[in-house]
Each structure stands twice: as C-alpha cells, then as structure tokens.
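Here's the structure, in structure tokens; my notes come after.
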Amino acid sequence: MAFEKVKRSENYSEWYNNLVKNADMAEHADVKGCMVIKPYGYAIWEKMQAQLDKMFKKTGHVNAYFPLLIPKSFFEKEEKNAEGFAKECAVVTHYRLKVDENRKIVVDEDAKLEEELIIRPTSEAIIWNTYKGWIQSYRDLPILINQWANVMRWEMRTRLFLRTSEFLWQEGHTAHSTSDEAIAETKQMLDVYAEFAEKFLAVPVIRGVKTENERFAGAVETYCIEGLMQDGKALQMGTSHFLGQNFAKAFDVKFQSKEGKLEHVWATSWGVSTRLIGALIMAHSDDEGLVLPPSLAPIQVVIVPIYRSDEERQKVEAAAEQIKLKLEDLDLSVKFDNRDTYKPGYKFAEWELKGVPVRIAIGPRDIENGTVELARRDTKEKSVTSIDGIDLHIKNLLNEIQSAIYERAKLFRDQSIHTVNSWDEFKEVLETKGGFISAHWDGTGETEEKIKELTKATIRCIPLDNIEEEGKCVLTGNPSKQRVLFAKAY
RNA sequence: CGGGGUGUAGCGUAGCCCGGUAUCGCGUCUGCUUUGGGAGCAGAAGGUCGUAGGUUCGAAUCCUGCCACCCCGACCA
C-alpha cells in the first residue's frame with residue numbers, strides 16, 4: 001500500500017482523492033465519470049442503507065423497484081422536470097450489437113428503438129406513470145414507497161462519491177390526498193434525514209428551503225439539509241420535495257374523494273445518495289486518514305496483537321480472541337488483525353488510515369498485567385485499560401467518540417456561520433474564511449444570480465428556523481425581510 | 001464544454017527540450033533475522049512508456065487524433 005501523505009491544508013481535493021483511494025473505499029472505473037465502490041466503501045454504504053431503511057419503515061414506508069429505463073415520452077410529460085435534467089441524460093437508442101466484417105463489435109443499426117429510452121436521472125416520471133394505474137379512490141392513498149436504486153446524470157465534472165455519473169441512492173415517492181398531508185410528509189422526511197445526518201454521520205446540518213433558482217425541477221418547494229465540510233464549502237446532503245400536483249397533472253393521476261369529487265393527487269419525493277459517504281469523509285477526516293463515526297464504521301474495534309516468540313503469540317492471540325468474543329456479545333464489529341506478515345506499527349497506521357474508531361493493542365506486557373492499550377482514532381489518545389470490564393468500557397468509549405466527533409464538527413460549523421451586513425464584508429468573509437454567510441437578500445432570482453456570478457457563492461437555503469428581521473439586501477440594498485445562508489458549495 | 005497541466009511496472013517517479021529500446025524509491029516474491037508506531041540484510045520477478053495513427057533505418061522522446069485524471073471556470077445530489 002502506498003502511504004502517500006497529502007495534507008488537507010495543502011491541497012484539499014488531492015487530500016480527499018488520496019484518502020478515498022488509500023483507505024480503499026473507491027477508485028475511478030475505466031468508464032467516464034463512474035467509480036468502483038470497493039468493499040470497504042460499500043460496507044459504509046450498507047450501514048447507511050440499513051439505518052435509513054429502518055427509519056423509512058418506521059415512518060410507514062415500504063420498498064419497491066421501478067425500471068432503470070424511462071421511455072422518452074414519459075420523461076417529457078412534466079416539462080420542468082424534463083428540462084431540468086435534459087442536459088445530463090444518457091439515452092438508449094438501440095437494443096442489439098453485431099459483429100461486423102472486421103470482426104469488430106458494432107451497434108446494429110437495424111435494431112434502432114422506435115422510441116428512445118432514457119436512463120433514469122430520477123424516477124418521478126416512470127413512477128407517476130405507474131401510480132396512475134394504482135390510484136382511483138382516496139382509499140388508495142397515501143402511497144408511501146421508497147426505492148433503492150442507481151441513477152445516472154451525465155455530469156461534466158465528477159468527483160469520487162460527491163458527484164459521479166452513476167450513483168446509488170434512495171428515492172422516496174409518495175402520493176397523498178391533500179396538500180397538507182404531502183407537505184407534512186415532505187417535512188417529516190427532511191427531519192428523518194437531519195436526524196440521520198446528525199446522529200449517525202455525526203455531521204450537523206441546517207434544515208432549510210431552497211430558493212426558486214435552486215429548487216428541484218418540477219417541485220413546488222424543495223427542502224434540504226446542508227452540511228459544512230472542513231474546507232469551508234457547503235454540501236447539500238439530502239433533499240425532500242413537495243411536488244404539489246405537478247406530476248399528478250402531468251401523468252393524469254386523479255382520485256375520487258370522500259365527497260365524490262375527482263381531484264389530482266399530491267406528491268412528494270425525497271432522496272439521499274452515496275454522496276453522503278463523501279460528506280462523511282470531508283467532515284471528519286484528518287491528515288492521518290479517515291475518521292469514521294462508530295455508528296457507521298464497518299469495523300468499530302480493531303485488535304492488534306504484539307509478540308516476539310510463538311509462545312508469546314499464542315498467549316496474546318488467545319487473550320485477543322476472548323476480548324473479541326466479549327465485544328461481539330455487545331454487537332460490536334471487531335476485527336482481530338492477526339496477520340503475521342505485517343508489524344504492529346504498520347497495522348496501527350493502516351487502521352488509522354481506514355478510520356477504525358478504537359484500536360486495542362495487546363502484547364506480553366499486557367498479558368502479565370491484565371491490561372490492553374486502547375487508542376481512539378478521533379483524538380489519537382492512548383490509555384492502558386484493564387481487560388476486566390473492557391467490553392462495556394469500549395461500548396461507552398464508542399458512544400463518547402460518536403458524540404465527540406459530532407461536537408467537533410458542530411463547533412466548526414457554528415464558528416463558520418458569519419453574519420455580514422455589507423457587500424465588501426460579504427466578499428471578504430467569503431474569500432478569507434469561507435463557511436456559511438448569513439446575509440440579507442432581496443428575494444429576487446436576479447440578485448441571486450448576480451451574486452453567484454460575482455462570487456461563486458449560492459444561496460444554500462433559507463433556514464427553517466429563520467427569524468424575521470428587517471434589513472437591506474447585501475448586494476442591491478433593497479428591503480429584505482430575512483437573512484439567508486450563502487456559501488460556496490460542492 | 002472552455003483555459004492550463006499530467007499520463008512511463010501495483011503506487012510514486014527520472015528520462016522527453018537535443019530520437020538509438022527505460023532510472024530510482026516504495027510495494028511484490030524467496031530466505032534469514034525482526035515484531036509495544038509504517039523493520040533490516042541478501043537475492044529475484046515485474047514495463048504494449050495512456051491509446052490510435054503519422055514522420056523516421058530507428059519513437060517514451062517529434063507530429064496529429066482520441067481517452068483518462070488533476071487545477072481553474074460553466075453545470076449539478
């Protein structure tokens with residue numbers, strides 16, 4: 001393994017890329033913009049999935065699966081949605097290849113599709129086309145479905161996990177009989193995302209509403225959670241959309257109400273993706289490697305044995321195995337790294353690189369004393385602890401680490417929200433400090449665009465807990481009723 | 001997609017300007033010694049020089065196309 005050290009402070013994106021590769025999470029595939037998610041990275045995704053899935057089910061949702069391919073005509077039905085994604089859609093035009101006279105594989109022009117198929121960039125179209133057949137009466141509502149899937153958006157510039165052409169995600173698509181119920185669902189799922197981000201990813205997020213410019217194509221309102229990465233850039237970590245009756249109207253999905261009236265169905269959609277793995281990396285990791293929150297770490301505890309002779313090795317391994325069993329009884333995932341081919345120092349560095357929250361080192365000295373050496377990844381603190389009661393001790397330590405990294409991220413985030421009142425200040429803070437900028441905005445798309453043009457900062461959101469406050473737009477000086485959060489974003 | 005850069009063994013690189021069959025480090029393999037923070041010594045294996053063409057007696061080196069990646073823009077979860 002190449003332990004190439006690039007510091008966060010020197011080149012943040014190189015640091016990020018090296019980390020993803022060195023920690024063995026993913027690599028670029030030989031397909032433009034696509035990545036191979038390697039077992040260690042995928043294990044993190046599986047843990048995320050398991051937890052989110054549990055939360056979705058707890059809020060009454062069920063899973064289903066819809067096709068990858070969407071007929072172009074379906075896709076066109078909701079104009080705004082189609083327009084919003086048009087520039088990044090992969091299109092299937094043929095269904096067969098053949099071997100030509102040069103023994104090369106070529107597209108068989110005789111196998112051209114009557115109607116092109118779009119590889120889903122998102123599934124509203126195919127799902128609402130399907131829901132049309134499922135909904136006749138208010139008794140058929142609500143429909144609360146989630147799907148775990150891959151989608152494809154032909155991005156110009158990709159980055160491992162943060163933006164790849166193909167990515168994995170979940171998308172919830174719900175149908176409701178009233179606007180209020182759909183809005184409540186939208187907000188509920190936003191809360192689920194926020195809770196997941198903060199409790200499991202240990203990344204503090206700001207809940208907010210997107211401006212019209214930043215809204216999902218086809219939505220009436222887009223809610224989001226925004227996180228802050230260590231380089232001061234914001235990352236949209238999840239969105240929940242109130243779709244109004246836009247898709248119901250586009251796909252002619254009506255239901256008969258209790259009163260016997262025909263009405264269009266109200267809709268929501270919400271999603272989070274493998275981008276969250278990127279968030280996890282960028283929010284917590286350091287120059288030594290990954291720092292994973294215990295609740296999502298594929299390996300929570302690693303045990304590294306230390307020995308000289310075979311005799312010592314046997315004793316140490318026996319003790320290590322026992323500790324492993326004890327920890328596993330508490331449902332912790334434990335790796336006993338008994339490879340004889342690497343020295344302890346190497347293993348220490350490797351598991352630090354991979355972000356394992358707690359490391360146990362156990363050697364002859366410990367066997368004599370009935371102790372082990374514990375090292376926590378987040379603070380790099382080491383301590384000697386008695387083997388007696390170590391299982392509970394570690395369980396508590398993991399909880400402590402979970403909250404410590406959250407608190408650290410929160411402190412950083414809170415310190416990175418800057419309130420500014422003038423355009424000069426806005427520019428200066430953005431350039432020198434980064435982070436979120438809380439500033440007055442006149443509410444127009446033009447001003448938002450202009451600011452983006454001038455500074456590359458966008459309005460990340462209008463926070464849900466915003467306080468009404470009279471002020472003047474930081475750019476135009478026009479009257480404003482509230483502050484919004486600006487930032488440079490991924 | 002626009003501007004700039006890079007591509008040589010699993011990884012990182014020298015060589016390129018000025019054409020003559022590829023350097024070094026890490027890693028890998030074998031053996032011995034080691035093992036509480038990335039081990040030492042000895043030996044060995046490993047290369048279509050991103051790719052497709054072109055120029056040339058001869059191309060990693062010169063020319064052209066393409067691809068990928070990085071940095072800066074535009075686009076975006």
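Just so we're on the same page: letters track the sequence lines, and every chain starts at 1.
Listed by first and then second residue, the ring-ring contact (aromatic ring centres under 6.0 Å, His included) pairs that reach into residues 207-229 of chain A are A:Phe85-A:Phe216, A:Phe216-A:His241, sequence neighbours excluded. Residue pairs meeting the side chain to side chain donor-acceptor pair (under 3.5 Å) criterion with at least one partner in residues 34-49 of chain A, sequence neighbours excluded, are A:Asp24-A:Lys38. Listed by first then second residue, pairs satisfying salt bridge (Lys or Arg N to Asp or Glu O under 4.0 Å) with a partner in residues 217-231 of chain A read A:Lys210-A:Glu226, A:Arg215-A:Glu221, A:Glu226-A:Arg460, not counting sequence neighbours.
With sequence neighbours excluded, no residue forms a salt bridge (charged side-chain N to carboxylate O under 4.0 Å, His left out) with A:Lys450. Applying the salt bridge (charged side-chain N to carboxylate O under 4.0 Å, His left out) criterion to A:Arg365, with sequence neighbours excluded, gives no partner residue. Residues passing the side-chain contact (heavy atoms from CB on, under 4.5 Å) test with A:Lys380 are A:Asp286, A:Glu288, A:Arg377, sequence neighbours excluded. With sequence neighbours left out, A:Glu317 forms a salt bridge (charged side-chain N to carboxylate O under 4.0 Å, His left out) with A:Arg313.
B:U55 and B:U13 have their C1' atoms separated by 29 Å, given to the nearest Å. Taking atom P on both B:U23 and B:G10, the two are 16 Å apart, rounded to the nearest angstrom. B:C70 sits 41 Å from B:U34 when the C1' atoms are compared, rounded to a whole Å. Straight-line distance between the P atoms of B:C63 and B:C16: roughly 14 Å, to the nearest whole Å. Comparing B:U28 with B:C72, their C1' atoms sit 39 Å apart, to the nearest whole Å. Taking the P atoms as reference points, B:G12 lies 26 Å from B:U21, given to the whole Å. Rounded to a whole angstrom, the distance from the P atom of B:A39 to that of B:G50 is 33 Å. Nucleotides B:G43 and B:G54 are separated by 44 Å at their C1' atoms, to the nearest Å.
A salt bridge links A:Glu400 to A:Arg376: at least one charged side-chain nitrogen sits closer than 4.0 Å to a carboxylate oxygen. Ion pairing between a basic and an acidic side chain is recognised when a charged N comes within 4.0 Å of a carboxylate O; A:Arg339 and A:Asp337 show such pairing. Remark: A:Asp191 does not engage A:Lys187 in a salt bridge, criterion side-chain N to carboxylate O under 4.0 Å.
Among the protein residues, A:Ser165 comes within range of no part of the nucleic acid, since none of its heavy atoms lies under 4.0 Å from any strand. Base engagement by A:Ser273 is indicated by at least one non-hydrogen atom pair under 4.0 Å involving a base atom. In this structure, A:Arg313 reaches neither bases nor backbone, as no heavy-atom distance under 4.0 Å exists between it and the strands shown. The residue A:Leu162 sits close to a base: some heavy atom pair falls under 4.0 Å. In this structure, A:Glu155 reaches the bases: a heavy-atom distance under 4.0 Å links it to at least one base atom across the strands shown.
In this structure, NZ on A:Lys324 lies 11.5 Å from CD1 on A:Ile360, to the nearest 0.5 angstrom.
Checking B:U28, B:G36, B:U35 against every side-chain atom of A:Asp366, the shortest atom distance belongs to B:G36. Checking B:U35, B:G37, B:C75 against every side-chain atom of A:Glu88, the shortest atom distance belongs to B:C75.
Side-chain contact, A:Glu116 with A:His94: no donor N or O sits under 3.5 Å from an acceptor N or O. Side-chain contact annotation: A:Ser123 with A:Gln147, donor-acceptor N/O pair under 3.5 Å present. Between the side chains of A:Thr186 and A:Ser240, no donor-acceptor pair is found at a separation under 3.5 Å. Checking A:Thr122 against A:Glu124 by side-chain atom types alone, a donor-acceptor pair falls below 3.5 Å. If you check the side chains of A:Asn146 and A:Gln170, you find a donor sitting under 3.5 Å from an acceptor.
If you measure from atom CG of A:Asn338 to atom P of B:U35, you get 19 Å, rounded to the nearest angstrom. A:Asn369 has its CG atom 13 Å from the C1' atom of B:G36, to the nearest Å. Rounded to whole angstrom, the span from the NZ atom of A:Lys382 across to the P atom of B:G37 amounts to 7 Å. The nearest whole Å value for the distance from the CD atom in A:Gln236 to the P atom in B:C75 is 15 Å. Distance NZ (A:Lys354) to C1' (B:G37): 19 Å, rounded to an integer number of Å. Between A:Leu374 atom CG and B:G36 atom C1' the separation is 14 Å, expressed in whole Å.
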Q) For RNA chain B, what is the dot-bracket line, given that a base pair needs Watson-Crick (N1 to N3, plus N6-O4 or O6-N4) or G-U wobble (N1-O2 and O6-N3) geometry with both distances under 3.5 Å, and | means paired with another strand? A) ((((((((.[[[..)....(...]]].((((((.....)))))).....[[[[[..)....]]]]])))))))....
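Applying a 4.0 Å cut-off to non-hydrogen atoms, the residues of residues 297-309 of chain A that approach RNA chain B are A:Ile306, A:Tyr307, A:Arg308, listed by residue number. In the region residues 203-232 of chain A, proximity to RNA chain B at under 4.0 angstrom, judged on heavy atoms, holds for none of the residues.
Summarising the geometry of A:Leu398 relative to A:Pro357, their closest heavy-atom pair is CD2-CB, 3.9 Å, with the distance given to 0.1 Å.
No N or O donor and acceptor, one from the side chain of A:Lys380 and one from the base of B:G37, sit under 3.5 Å apart. Between the base of B:G37 and the side chain of A:Glu352 there is a donor-acceptor pair shorter than 3.5 Å.
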I'd like a list of close polar pairs between nucleotides 68-74 of chain B and the protein, N/O only, cut-off under 3.5 Å.
from, atom 1, to, atom 2, distance (Å)
B:C71, OP1, A:Ser13, OG, 2.1
B:C72, OP2, A:Arg157, NH2, 3.3
B:G73, OP1, A:Lys456, NZ, 2.6
B:G73, N7, A:Arg157, NH1, 3.3

Check nucleotides 39-42 of chain B for protein N or O atoms closer than 3.5 Å to its own N or O atoms and list the pairs.
from, atom 1, to, atom 2, distance (Å)
B:A39, O4', A:Lys343, NZ, 3.3

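Closest-nucleotide positions on RNA chain B for A:Arg365 and A:Phe161 were compared, and the one nearer the 5' end corresponds to A:Arg365. Mapping A:Phe348 and A:Thr164 onto RNA chain B by nearest heavy atom places A:Phe348 at the nucleotide closer to the 5' end.
Taking the six-membered ring for Trp and thresholds of 30 and 60 degrees, A:Tyr12 and A:Trp15 have ring planes inclined between 30 and 60 degrees apart.
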